[in-house]
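Data first, discussion second: the structure below is written as structure tokens.
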2 protein chains.
Amino acid sequence: MSSSVQPKRVRKNPEARRAEIVAAAAGIALAEGLECITMRRVAEELDVRPGLISHYFPVAEELVAEAFGTAAGGELAELLPEADAALPAVRRLARFLGRTEGRRYDELSRLWLNARHLSRFRPALRERVGQQEALWRDGLTALLRDGVESGEFRTPDPHVTAIQLLVVLDGLGAHANTDRTGRPAAITGMAYALAERELALPPGALGAPH
Amino acid sequence: MSSSVQPKRVRKNPEARRAEIVAAAAGIALAEGLECITMRRVAEELDVRPGLISHYFPVAEELVAEAFGTAAGGELAELLPEADAALPAVRRLARFLGRTEGRRYDELSRLWLNARHLSRFRPALRERVGQQEALWRDGLTALLRDGVESGEFRTPDPHVTAIQLLVVLDGLGAHANTDRTGRPAAITGMAYALAERELALPPGALGAPH
DNA sequence: CACGCTATTGGATGTGCGACCAATAGACAA
DNA sequence: TTGTCTATTGGTCGCACATCCAATAGCGTG
């Protein structure tokens, strides 16, 4: 028969293995969905036996929660890079909004949608969703506050504006699994419009909404 | 032994039975979630054997799609009752928005969230979600158009305004499974604010956002 | 009242899952 | 090199599910 499989075991130190498992699970979460994170599926990804996964995560739900946190946290870091801290706030915001449109962001929209729904049944995940929500909100709030302090923006409450922006992005992202062809620009540009209005920026200041 | 169960079979005509099954499934969808619609669960609800359900719905996914359509369609009919057709559009819109806030609407938010996510994996459901989306959009558009024609509102494109409103409602509803205590009024009132702004209504014209 | 149609049952089959555990074999220290 | 520790295996168990099917019994027709 075929001998394409090598039952050779590779022994790694626990922290590294654990990180590897979470990373694999996060990848599955983004590409296939949180419900595809199963002991068997993750094990297959790492070419390892399922028992090993459940050794590191005795309860599957923990791994799902951890995977979501890693995936969402990683994406946030890409959307609001620390490295950009020196840039003008307007420019950072424009970049942020720019990244939240287009197909590239769909994967992330789907992940949030997935997590928001699944957290209905999984307390550990719900916890993580709350944490990530706070991180996203605070990150965006900090950006807006920077802009206000530097005089680029004007808004009575950066915190509220940040939440409003995220609500609109959630609303737009909710349709990530639906057909959105022919959606008018007045819809796809809602986040831009809201930001410009709430921050007292001239129309178009954040870049062409398309 | 216990004889609390009566293996008495009740024989109904196919259309009635089918409708009964869909209704039961729709109830489960709203109360527990679409993934709880299983042959067994629905059968239990109707005090019937699982095989009967799969007789009427040979493929489970069809029942899920049908149940969602029934549940969402029924709720829409409550939100935009035909009986209100004679009322002023402003009043109808105020009612609509009023019903979309508060705990009562959470069940429906959860259903939409559920369906939007699950339709990622279930083509038949995705189809239904698209249909219901159109129904909601068209219903709200008709309301706005009425208001424009009667001179109550002013908006260049009722269709676009309707979608914008629904996007905001989706965004707010996305958090139906999350803790939202202490959410500022500027967030909970976003739909009111958007409607008043886009329809050129004076602030508060649609009722106190809280 | 008897009969036939078919709605309904009861059970079987196969799949994928989480959870659990004793046995095994790498890697590292003595 | 030998021995020990433990990361990893390979397998088992029970559960819930969709799907399928032959047998059964309610109901309307005649």
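Chain letters run A, B, ... following the sequence lines, proteins first, then strands; residues in each count from 1.
- A:E44 has its CD atom 13 Å from the C1' atom of C:dG16, to the nearest Å.
- The interatomic distance linking B:L46 (CG) with C:dT9 (P) rounds to 10 Å, in whole Å.
- For C:dG10, the OP1/OP2 oxygens have a side-chain nitrogen or oxygen of B:R49 closer than 4.0 Å.
- For the pair A:R137/A:H159, a side-chain contact is recorded, criterion being any heavy-atom separation below 4.5 Å from C-beta on.
- For the pair A:L34 CG and C:dG18 P, the computed distance is 13 Å after rounding to whole Å.
- Each of A:E61 and A:V10 was matched to the nucleotide of DNA chain C holding its nearest heavy atom; the match closer to the 5' end belongs to A:E61.
- Here the P atom of nucleotide C:dG26 and the CG atom of A:N13 are 17 Å apart, to the nearest Å.
- Taking atom NZ on B:K12 and atom C1' on C:dT6, their separation rounds to 17 Å, with Å as the unit.
- In this structure, the side chains of A:D170 and B:D170 stay at 4.5 Å or more apart for every pair of heavy atoms.
- Regarding A:I37, its CD1 atom lies at a distance of 11 Å from the P atom of C:dG18, rounded to whole Å.
- Here the closest non-hydrogen pair linking B:G33 and B:N114 is CA-OD1, 3.3 Å.
- Contact annotation for A:P50: no contact, since no heavy-atom pair falls under 4.0 Å across all strands.
- At whole-Å resolution of the value, CE in B:M39 and C1' in C:dA12 are 16 Å apart.
- For the pair B:R92 and B:R95, the minimum side-chain heavy-atom distance is 4.5 Å or more.
- At a cut-off of 3.5 angstrom, the base of C:dG16 holds no donor-acceptor pair with the side chain of A:R40.
- Here the side chains of A:T155 and A:Q164 are not in contact, with every heavy-atom distance at 4.5 Å or above.
- The side chain to side chain contact (heavy atoms under 4.5 Å, CB included) check on B:E61 picks up B:V59, B:R122, B:P123, B:A124, with sequence neighbours excluded.
- Where DNA chain D meets chain B (any atom under 4.0 Å from a heavy atom), the bounding nucleotides read 5' to 3' are D:dC17 to D:dC27.
- Scored by the side-chain hydrogen bond (donor to acceptor under 3.5 Å, both in side chains) test, A:E15 finds no partners at all (sequence neighbours excluded).
- In terms of position on DNA chain C, the residue among B:P14 and A:A60 whose nearest nucleotide sits closer to the 5' end is B:P14.
- Spacing between atom OH of B:Y56 and atom P of C:dT9 amounts to 10 Å, rounded to whole angstrom units.
- In this structure, B:R11 and A:H55 both approach DNA chain D, and ranking their closest nucleotides by distance from the 5' end singles out A:H55.
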